[in-house]
Amino acid sequence: EQWAANAAAAGEQLGGSSPCSRVLRVEESAVHSLPPPTIPAGPETHTRDLRVTNSDDSDGPSLLRFMCAELTRGYFLEHNEAKYTERRERVYTCMRIPRELERLMIFGFFLCLDAFLYVFTLLPLRTLLAFLRLLTIPCCGLGGSRFLQPAQVCDLLKGLIMVLCYSMMHYVDYAMMYHLIRGQSVIKLYIIYNMLEVADRLFSSFGQDILDALYWTATEPKSRKRAHIGVIPHFFMAVFYVFLHAILIMVQASTLNVAFNSHNKSLLTIMMSNNFVEIKGSVFKKFEKNNLFQMSNSDIKERFTNSVLLLIVCLRNMEQFSWNSDHLWVLLPDVLIVIMSEVAVDIVKHAFITKFNDITADVYSEYKASLAFELVSSRQQNAYTDYSDSVARRMGFIPLPLAVLLIRVVMSSVKIQGALSSVCLLLFYLGLITMKVLNNIVILGKSCRYVKEANMEGKLFERPTAQTSKQTPKKFWLFSSSDILSVSQTHVIFFVTSDPPPDSPPKPEESSSETPQSTELKHRATKKDLLEIDRFTICGNRIG
């Protein structure tokens with residue numbers, strides 16, 4: 001190669017490309033194109049090549065290696081202990097929900113029963129005493145600034161409303177209404193029943209306002225400036241409302257009666273499936289404790305109302321079959337199916353609402369303490385409302401229309417003739433009074449225990465001052481936090497929701513250290529007291 005290079009360089013110096021230089025270039029190119037000389041491979045070279053080949057095979061994908069890795073792969077749950085502990089607590093909460101919910105439901109059911117029995121037992125006696133007091137005023141003299149006490153005026157108004165509405169219900173034919181509803185198709189009846197449920201909620205929400213307006217208009221001190229349309233218009237509005245609501249419940253009972261008496265039970269199945277639609281409409285919404293309390297009260301009222309409707313259906317069917325006890329056993333399975341479906345829907349609904357919103361099962365104990373506190377406070381001397389009215393405001397359960405309808409059905413189903421029937425009616429009335437007294441004793445004892453467990457005895461002795469409304473001071477503690485607030489905390493919210501008393505010293509250091517959460521809490525308290533929100537005002541935009 002060196003010789004060829006030198007010859008080529010010499011040829012170029014001699015001027016031009018000579019045949020010799022061309023030959024040299026061809027030889028040079030041939031030399032460069034020749035393969036490199038092969039060196040005989042020894043045993044070390046073979047070993048190195050085999051090692052490289054094995055390493056290339058191990059780095060490549062292998063089904064066997066993948067299966068071995070999947071079968072032997074391990075992990076440790078304790079690396080995320082908080083997450084799995086929370087999941088376990090959620091499971092335990094769902095397991096506790098049925099027991100805690102049914103305790104609340106049973107307690108609320110007997111509260112509604114107490115308010116309902118009050119209309120049949122003690123209200124007639126109280127109305128009679130108030131009427132006798134009104135008759136004896138000319139003989140005994142005034143003896144004071146009032147002819148009657150405010151409670152006596154309210155009892156007289158309730159008694160008059162009951163008598164007038166019962167007289168008006170005699171002109172409504174239950175049998176004609178039943179056959180009119182029975183002639184409709186299944187789909188129409190399903191739509192009618194849903195419309196009746198919505199109308200019942202609207203009537204209950206506005207009806208208690210009508211009754212409260214009547215009671216306050218009739219008992220308002222005369223020294224104040226008149227800012228109302230008068231007692232008589234309010235009274236006729238209340239009578240008209242109770243009458244319409246009683247007819248509405250009668251149509252509901254007639255529709256349920258048609259569903260029970262249908263041959264294929266298709267309407268009853270559709271009506272029970274309507275309860276499961278309620279799960280879809282409530283489970284996937286955001287709920288707070290306040291909203292869940294309103295829903296719990298609504299479920300209590302709905303369960304009690306359905307029980308009374310089932311009682312009316314059984315009475316009407318037993319009358320048609322001449323009070324044959326064999327027919328009662330025919331109705332009993334359908335009654336149990338309706339009740340058990342309602343219980344199952346409530347359990348599933350509350351279980352998933354508490355799960356999705358991280359609400360513990362202990363919140364139902366707070367709800368029981370709330371209802372118990374209202375019952376105990378209504379038994380005090382400085383109580384500002386009757387207990388039946390308190391239940392109506394809290395749960396939306398108004399006993400007057402339902403009582404009017406039940407009296408109408410019982411009087412049309414049972415014929416009272418002769419002295420023996422009158423004696424049986426008297427014994428039945430005494431039995432109702434006994435049942436009312438025993439039920440009242442039991443729930444009052446339970447309520448005292450719940451209030452004591454919640455450490456709320458001190459609030460029972462607080463008297464409303466003149467600078468606050470009668471509804472404001474005792475309410476907000478139920479929902480301000482997960483635990484029921486103590487008496488001292490209640491006083492703080494008491495001064496926030498109203499003007500401070502003149503003898504209280506100013507506290508500017510507390511206002512300067514307030515957090516945004518406390519400011520928002522006080523703003524809500526001054527805007528509307530939570531216990532004054534009825535069960536149909538599910539806190540507006542707080543659900544979504």
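Because the structure is a prediction, the values reported are computed rather than measured. Worth knowing before you read on, the calculation uses all heavy atoms, side chains too, and leaves out hydrogens, waters and symmetry mates.
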Check: residues 324-335 side-chain donor-acceptor pairs under 3.5 Å, at least two apart:
| unit_1 | atom_1 | unit_2 | atom_2 | d |
| --- | --- | --- | --- | --- |
| Asn324 | OD1 | Asp326 | N | 3.3 |
| Asp334 | OD2 | Lys265 | NZ | 3.0 |

Inset, instruction - State plainly whether the residues Arg303 and Glu102 are in salt-bridge range, i.e. N to O under 4.0 Å. - result: yes
Does Lys368 make a cation-pi contact with Tyr450, if we ask for NZ or CZ under 6.0 Å from the ring centre and within 45° of the axis?
yes
Below 3.5 Å, can you tabulate the donor-acceptor pairs from side chains in residues 69-87 to any protein atom, sequence neighbours excluded?
| unit_1 | atom_1 | unit_2 | atom_2 | d |
| --- | --- | --- | --- | --- |
| Thr72 | OG1 | Cys68 | O | 2.6 |
| Thr85 | OG1 | Glu81 | O | 2.7 |
| Glu86 | OE2 | Arg90 | NH2 | 3.2 |

Ignoring hydrogens and angles, tell me if any N or O in the side chain of Ser204 forms a donor-acceptor pair with the backbone of Arg201 under 3.5 Å. no
**Message:** In terms of relative ring orientation, are Phe304 and Phe397 parallel, tilted or perpendicular, with 30° and 60° separating the classes?
**Reply:** perpendicular
Exercise. Looking just at side-chain N and O atoms, do Asn290 and Gln294 make a donor-acceptor pair shorter than 3.5 Å?
Worked result: no
* Any donor and acceptor pair, going by atom type alone, linking the side chain of Ser262 with main-chain N or O of Ala259 inside 3.5 Å? -> yes
Only one of Met177, Arg316, Gln320 passes side chain to side chain contact (heavy atoms under 4.5 Å, CB included) with Asn257, and that residue is Arg316
Is any side-chain heavy atom of Ile359 less than 4.5 Å from a side-chain heavy atom of Glu288?
no
Practice problem: Could you please spell out the steps behind the ring pair (Phe, Tyr, Trp, His ring centres under 6.0 Å) verdict for Tyr367 and Tyr364? | Solution: CA-CA 5 Å; Tyr367 298 161; Tyr364 294 102; 5.7 Å; yes
Value for CD (Glu89) from SG (Cys94), rounded to nearest 0.5 Å, stands at 11.5 Å
Going by the angle between their ring planes, with limits at 30° and 60°, are Phe352 and Phe356 parallel, tilted or perpendicular? tilted
Practice item. Using atom types as modelled and distance alone, determine if a side-chain donor or acceptor of Asn291 lies under 3.5 Å from a backbone N or O of Phe287. Key: no
Residues passing the side-chain hydrogen bond (donor to acceptor under 3.5 Å, both in side chains) test with Asn194, sequence neighbours excluded, are Asn274
